[in-house]
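Treat the numbers as computed from the prediction; the structure is a model and nothing was measured.
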Amino acid sequence: MAINFFSRKKLHFSFPKNLKEKNWLNQIADSENFKIKELNYIFCSDEHLYQMNVEYLAHHTYTDIITFDNSEEKAKIEGDIFISIDRVRENALLHDVSEETELSRVISHGLFHLMGYKDKSKSQSVTMRAKEEFAIELFQTV
């Protein structure tokens with residue numbers, strides 16, 4: 001099991017690389033009967049993630065997260081999750097929550113995608129929001 005956190009160069013952000021976050025992510029996965037095999041979080045700027053969105057997904061929009069599923073075995077998570085810190089900061093202000101809470105929401109959002117949850121339809125979005133809220137509450141107890 002490997003959970004890694006990286007920041008792109010020139011980004012004024014450092015993620016606390018401690019066991020609390022790793023334990024939290026493992027608990028989320030366990031709650032859905034998944035195991036994390038290898039999970040990489042890469043924190044980057046809006047511009048970097050925008051370019052990835054154009055290049056890999058042909059979407060010409062800014063986004064807070066892009067998730068790449070590299071899993072080869074059922075219920076074994078392997079993936080790369082790119083997160084725009086600029087979007088996280090802006091969304092925290094927009095939704096009147098702390099940056100830590102918004103970051104927890106986005107981090108868990110990517111993990112839920114790797115476990116098969118979608119958010120394209122209204123009903124899928126409602127389910128995803130409930131999962132994110134569960135994860136945010138769980139983070140406070142870890």
Does a sphere of radius 6.0 Å around [atom1] in [X] hold more than 12 heavy atoms from other residues, nucleotides or ligands, not counting ones at 6.0 Å or beyond?
X: Glu100; atom1: CD; value: no
X: Arg8; atom1: CZ; value: no
X: Lys122; atom1: NZ; value: no

Side-chain polar contacts of residues 133-142 - donor-acceptor pairs under 3.5 angstrom, sequence neighbours left out - could you list them?
from: Thr141; atom 1: OG1; to: Leu138; atom 2: O; distance (Å): 2.7

Quick check for you: to the nearest 0.5 Å, what is the distance between [X] atom [atom1] and [Y] atom [atom2]?
X: Ile81; Y: Ile66; atom1: CD1; atom2: CD1; value: 11.5 Å
X: Glu102; Y: Asp96; atom1: CD; atom2: CG; value: 11.5 Å
X: Ile85; Y: His48; atom1: CD1; atom2: NE2; value: 12.5 Å

Enumerate the residue pairs fulfilling salt bridge (charged side-chain N to carboxylate O under 4.0 Å, His left out) with a member in [range], sequence neighbours excluded, ordered by first and then second residue.
range: residues 107-120; value: none
range: residues 56-66; value: Asp64-Arg105
range: residues 50-61; value: none

Just checking, any donor-acceptor pair under 3.5 angstrom between side chains of Asp86 and Ser45?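 Result is no, nothing qualifies.
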Set out, in order, the CA-CA distance, both residues' side-chain angles and the distance that settles side chain to side chain contact (heavy atoms under 4.5 Å, CB included) for Ile77 and Glu38, then state yes or no. CA-CA 7 Å; Ile77 295 170; Glu38 183 164 358; over 6 Å; no
Nearest non-hydrogen partners of [X] and [Y], listed with the distance:
X: Asn33; Y: Ala75; result: O-CB, 3.7 Å
X: Ile65; Y: Val106; result: CD1-O, 3.3 Å
X: Thr61; Y: Asn53; result: O-ND2, 2.9 Å

Hey, quick one: are Ile83 and Met115 part of the same hydrophobic cluster, counting side-chain heavy atoms closer than 4.5 Å, chains of contacts allowed?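 Ile83 and Met115: one cluster.
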Checking Leu111 against Phe34 for the side chain to side chain contact (heavy atoms under 4.5 Å, CB included) test, could you report, in this order, the C-alpha distance in whole Å, the side-chain angles of both residues, the deciding distance, and whether it holds? CA-CA 10 Å; Leu111 181 54; Phe34 280 80; over 6 Å; no
Can you list everything that forms a salt bridge (charged side-chain N to carboxylate O under 4.0 Å, His left out) with Glu73? Sequence neighbours excluded, please.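 Salt bridge (charged side-chain N to carboxylate O under 4.0 Å, His left out) check on Glu73 returns Lys37.
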Under a single-linkage rule joining Ile, Leu, Val, Met, Phe, Trp and Tyr whose side-chain heavy atoms are separated by less than 4.5 Å, which residues share a cluster with Tyr50?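 For the cluster that includes Tyr50, the remaining residues are Val54, Tyr62.
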Any donor-acceptor pair under 3.5 Å linking the side chain of Asn4 with the backbone of Asn40?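 Answer holds: no.
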Check ring-ring contact (aromatic ring centres under 6.0 Å, His included) between Phe112 and all other residues, then give those that pass, not counting sequence neighbours.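 Partners of Phe112 by the ring-ring contact (aromatic ring centres under 6.0 Å, His included) criterion, ordered by chain and then number, come out as Tyr117.
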Using the test ring-ring contact (aromatic ring centres under 6.0 Å, His included), find all partners of His109 that sit at least two apart in sequence or belong to another chain.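 So His109 forms a ring-ring contact (aromatic ring centres under 6.0 Å, His included) with His113.
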So do the side chains of [X] and [Y] get within less than 4.5 Å of each other, counting heavy atoms only?
X: Asp30; Y: Lys35; answer: yes
X: Phe43; Y: Leu103; answer: yes
X: Phe5; Y: Glu21; answer: yes

Return the set of residues passing side-chain contact (heavy atoms from CB on, under 4.5 Å) with [X] (not counting sequence neighbours), or none when no residue passes.
X: Glu90; answer: Arg87
X: Tyr56; answer: Met52, Phe68
X: Asp69; answer: Ser71, Leu114
X: Asn26; answer: Met1, Ile3, Ile36

